[in-house]
Amino acid sequence: MINDEYFLAALRLASGNDPIPTQVSAAARDAWRLRIPQAVTAAHEAATIRSVRADDSSHLVRFVAAGLTFDLEVTEGDGLIDVAGHISPYPGEGALVDVRSPHLTLTRRIAHTGHFVATGLPPGWLSVVCHRPGHAPIQTTWVRIRP
(Lines give C-alpha, C1' and ligand atoms only; values in the text may rest on other atoms or scores of the structure.)
Protein backbone atom coordinates (compact mmCIF):
# COMPACT_ATOMS: atom_id res chain seq x y z
CA MET A 1 0.00 0.00 0.00
CA ILE A 2 1.27 3.42 -0.78
CA ASN A 3 0.87 6.53 1.32
CA ASP A 4 -2.16 7.72 -0.66
CA GLU A 5 -3.96 4.44 0.05
CA TYR A 6 -3.23 4.75 3.78
CA PHE A 7 -4.49 8.32 3.67
CA LEU A 8 -7.72 7.31 1.89
CA ALA A 9 -8.26 4.42 4.31
CA ALA A 10 -7.78 6.79 7.25
CA LEU A 11 -10.31 9.21 5.74
CA ARG A 12 -12.86 6.41 5.28
CA LEU A 13 -12.40 5.30 8.90
CA ALA A 14 -12.62 8.87 10.19
CA SER A 15 -15.78 9.58 8.23
CA GLY A 16 -17.46 6.43 9.54
CA ASN A 17 -18.13 5.19 6.02
CA ASP A 18 -15.84 2.18 6.19
CA PRO A 19 -18.19 -0.78 6.61
CA ILE A 20 -17.43 -3.63 8.97
CA PRO A 21 -16.31 -6.65 6.91
CA THR A 22 -19.15 -9.18 6.60
CA GLN A 23 -17.03 -12.04 8.00
CA VAL A 24 -16.38 -10.02 11.17
CA SER A 25 -20.11 -9.40 11.65
CA ALA A 26 -20.91 -13.07 10.98
CA ALA A 27 -18.29 -14.24 13.50
CA ALA A 28 -19.70 -11.87 16.13
CA ARG A 29 -23.26 -13.18 15.56
CA ASP A 30 -22.03 -16.80 15.81
CA ALA A 31 -20.28 -16.05 19.10
CA TRP A 32 -23.39 -14.28 20.43
CA ARG A 33 -25.55 -17.34 19.67
CA LEU A 34 -23.30 -19.55 21.83
CA ARG A 35 -23.97 -17.57 25.02
CA ILE A 36 -26.50 -18.82 27.54
CA PRO A 37 -28.23 -15.96 29.36
CA GLN A 38 -28.00 -16.05 33.17
CA ALA A 39 -25.79 -19.14 33.15
CA VAL A 40 -23.21 -19.69 35.88
CA THR A 41 -19.81 -20.62 34.48
CA ALA A 42 -17.90 -23.54 35.96
CA ALA A 43 -14.16 -23.00 35.93
CA HIS A 44 -11.66 -25.46 34.56
CA GLU A 45 -9.89 -27.08 37.47
CA ALA A 46 -6.26 -28.16 37.24
CA ALA A 47 -4.64 -29.37 34.07
CA THR A 48 -6.15 -31.80 31.62
CA ILE A 49 -5.17 -35.32 32.58
CA ARG A 50 -4.28 -37.93 30.00
CA SER A 51 -5.90 -41.31 30.45
CA VAL A 52 -4.19 -43.82 32.65
CA ARG A 53 -4.84 -46.38 29.94
CA ALA A 54 -1.93 -46.37 27.53
CA ASP A 55 -3.92 -47.78 24.62
CA ASP A 56 -6.33 -44.90 24.04
CA SER A 57 -6.33 -41.16 23.60
CA SER A 58 -8.79 -40.05 26.27
CA HIS A 59 -8.51 -36.98 28.50
CA LEU A 60 -10.12 -36.29 31.86
CA VAL A 61 -11.23 -32.70 32.35
CA ARG A 62 -12.82 -31.32 35.54
CA PHE A 63 -14.90 -28.16 35.94
CA VAL A 64 -16.24 -26.81 39.22
CA ALA A 65 -18.94 -24.24 39.99
CA ALA A 66 -20.79 -23.50 43.19
CA GLY A 67 -22.38 -26.79 44.10
CA LEU A 68 -21.58 -28.87 40.98
CA THR A 69 -18.54 -30.71 39.66
CA PHE A 70 -18.30 -31.81 36.02
CA ASP A 71 -15.92 -34.68 35.25
CA LEU A 72 -15.62 -35.23 31.51
CA GLU A 73 -13.71 -38.09 29.92
CA VAL A 74 -13.18 -37.14 26.29
CA THR A 75 -12.10 -39.84 23.85
CA GLU A 76 -10.93 -39.25 20.30
CA GLY A 77 -11.35 -41.80 17.56
CA ASP A 78 -12.20 -41.99 13.87
CA GLY A 79 -12.02 -38.21 13.59
CA LEU A 80 -14.80 -37.67 16.16
CA ILE A 81 -14.90 -37.28 19.91
CA ASP A 82 -17.02 -39.00 22.53
CA VAL A 83 -17.79 -37.57 25.96
CA ALA A 84 -18.53 -39.69 29.02
CA GLY A 85 -19.51 -37.31 31.78
CA HIS A 86 -20.33 -37.35 35.45
CA ILE A 87 -21.98 -34.49 37.35
CA SER A 88 -21.85 -34.59 41.12
CA PRO A 89 -23.82 -34.31 43.18
CA TYR A 90 -26.75 -35.54 41.11
CA PRO A 91 -28.45 -32.33 39.88
CA GLY A 92 -31.98 -33.66 40.42
CA GLU A 93 -34.95 -35.11 38.62
CA GLY A 94 -35.57 -33.57 35.20
CA ALA A 95 -32.03 -32.30 34.79
CA LEU A 96 -30.63 -32.28 31.26
CA VAL A 97 -27.18 -31.73 29.87
CA ASP A 98 -26.22 -30.10 26.57
CA VAL A 99 -22.87 -31.15 25.11
CA ARG A 100 -22.03 -28.36 22.67
CA SER A 101 -19.61 -27.66 19.90
CA PRO A 102 -19.82 -24.41 17.94
CA HIS A 103 -21.90 -26.18 15.27
CA LEU A 104 -23.71 -29.00 17.11
CA THR A 105 -25.54 -29.49 20.41
CA LEU A 106 -26.46 -32.92 21.78
CA THR A 107 -28.99 -32.96 24.66
CA ARG A 108 -28.91 -35.91 27.07
CA ARG A 109 -30.76 -36.92 30.24
CA ILE A 110 -28.64 -37.34 33.32
CA ALA A 111 -28.86 -40.75 35.01
CA HIS A 112 -29.56 -40.92 38.75
CA THR A 113 -25.86 -41.66 39.17
CA GLY A 114 -25.02 -38.32 37.49
CA HIS A 115 -23.64 -39.97 34.36
CA PHE A 116 -24.29 -39.05 30.73
CA VAL A 117 -22.79 -39.88 27.33
CA ALA A 118 -22.59 -38.01 24.03
CA THR A 119 -20.86 -39.46 20.99
CA GLY A 120 -19.90 -38.38 17.51
CA LEU A 121 -18.95 -34.76 18.16
CA PRO A 122 -16.54 -32.99 15.83
CA PRO A 123 -13.08 -32.31 17.28
CA GLY A 124 -12.41 -28.77 18.39
CA TRP A 125 -14.13 -26.61 20.96
CA LEU A 126 -16.46 -28.21 23.51
CA SER A 127 -18.68 -26.98 26.35
CA VAL A 128 -21.22 -28.70 28.59
CA VAL A 129 -24.32 -27.06 30.08
CA CYS A 130 -26.37 -28.54 32.93
CA HIS A 131 -30.02 -27.44 33.02
CA ARG A 132 -31.71 -27.98 36.39
CA PRO A 133 -35.39 -27.24 36.91
CA GLY A 134 -35.79 -24.14 39.05
CA HIS A 135 -32.11 -23.13 38.91
CA ALA A 136 -29.89 -21.14 36.59
CA PRO A 137 -28.00 -23.31 34.11
CA ILE A 138 -24.36 -24.06 34.81
CA GLN A 139 -21.99 -24.17 31.85
CA THR A 140 -18.37 -25.15 31.58
CA THR A 141 -15.88 -22.89 29.95
CA TRP A 142 -14.99 -23.85 26.38
CA VAL A 143 -12.18 -26.36 26.11
CA ARG A 144 -10.41 -27.29 22.89
CA ILE A 145 -10.10 -31.01 22.19
CA ARG A 146 -7.33 -31.74 19.72
CA PRO A 147 -6.72 -35.09 18.07
Heavy atoms, side chains only, cut-off 4.5 Å: are Phe63 and Ile138 in contact? no
Would you say that Val129 contacts Phe70 through its side chain, given a criterion of any heavy-atom pair below 4.5 Å between the two side chains? no
Tracing side-chain contacts under 4.5 Å among Ile, Leu, Val, Met, Phe, Trp and Tyr outward from Leu80 reaches none
Tell me the closest heavy-atom pair linking Arg108 and Ala118, and the distance in Å. NE-CA, 4.1 Å
Taking atom CZ of Arg35 as the centre, report whether more than 12 heavy atoms of other residues, nucleotides or ligands fall under 6.0 Å from it. yes
Counting C-beta onward and ignoring hydrogens, is there a side-chain heavy-atom pair between Asp82 and Val117 closer than 4.5 Å? no
Using side-chain heavy atoms (C-beta onward) and a distance below 4.5 Å, is Arg132 in contact with Leu68? yes
Co-membership, hydrophobic cluster, residues Val74 and Val64, 4.5 Å side-chain: no
Check: Ser101 and Ile81 side chains under 4.5 Å, non-hydrogen atoms: no
Could you pull out the closest heavy-atom pair between Gln38 and Ala136, with the gap in Å? O-CB, 3.4 Å
Gln23 CD to Asp30 CG distance, which is reported to the nearest 0.5 Å: 12.0 Å
Hey, what do you get for NE2 (His115) to CD1 (Ile110), rounding to the nearest 0.5 Å? 11.5 Å
Distance col, row Thr113:OG1 vs Ile87:CD1, nearest 0.5 angstrom, shows 10.5 Å
In sequence, state the C-alpha distance, the side-chain angles, and the governing distance for Arg109 and Leu96, and then conclude on side chain to side chain contact (heavy atoms under 4.5 Å, CB included). CA-CA 5 Å; Arg109 291 200 178 280; Leu96 298 173; 3.8 Å; yes
Which salt bridge (charged side-chain N to carboxylate O under 4.0 Å, His left out) pairs, counting each pair once, include a residue from residues 89-101, with sequence neighbours left out? none
Same apolar cluster (I L V M F W Y, side chains within < 4.5 Å links), Val83/Tyr90: yes
Just checking, is any N or O donor in the side chain of Glu73 or His86 under 3.5 Å from an acceptor N or O on the other one? no
Hydrophobic cluster identity match, Leu60 and Trp142, side-chain contacts under 4.5 Å: no
First locate atom OG of Ser58, then atom CD of Glu76, and finally report the distance between them rounded to the nearest 0.5 Å. 8.5 Å
Could you tell me whether the side chain of Thr140 and the main chain of Val128 form a donor-acceptor pair under 3.5 Å? yes
What is the distance from atom CG of Leu121 to atom CG of Leu106, rounded to the nearest 0.5 Å? 5.0 Å
Treat each ILVMFWY residue as a node, draw an edge where side-chain heavy atoms are under 4.5 Å apart, and state whether Leu104 and Val143 are in one component. yes
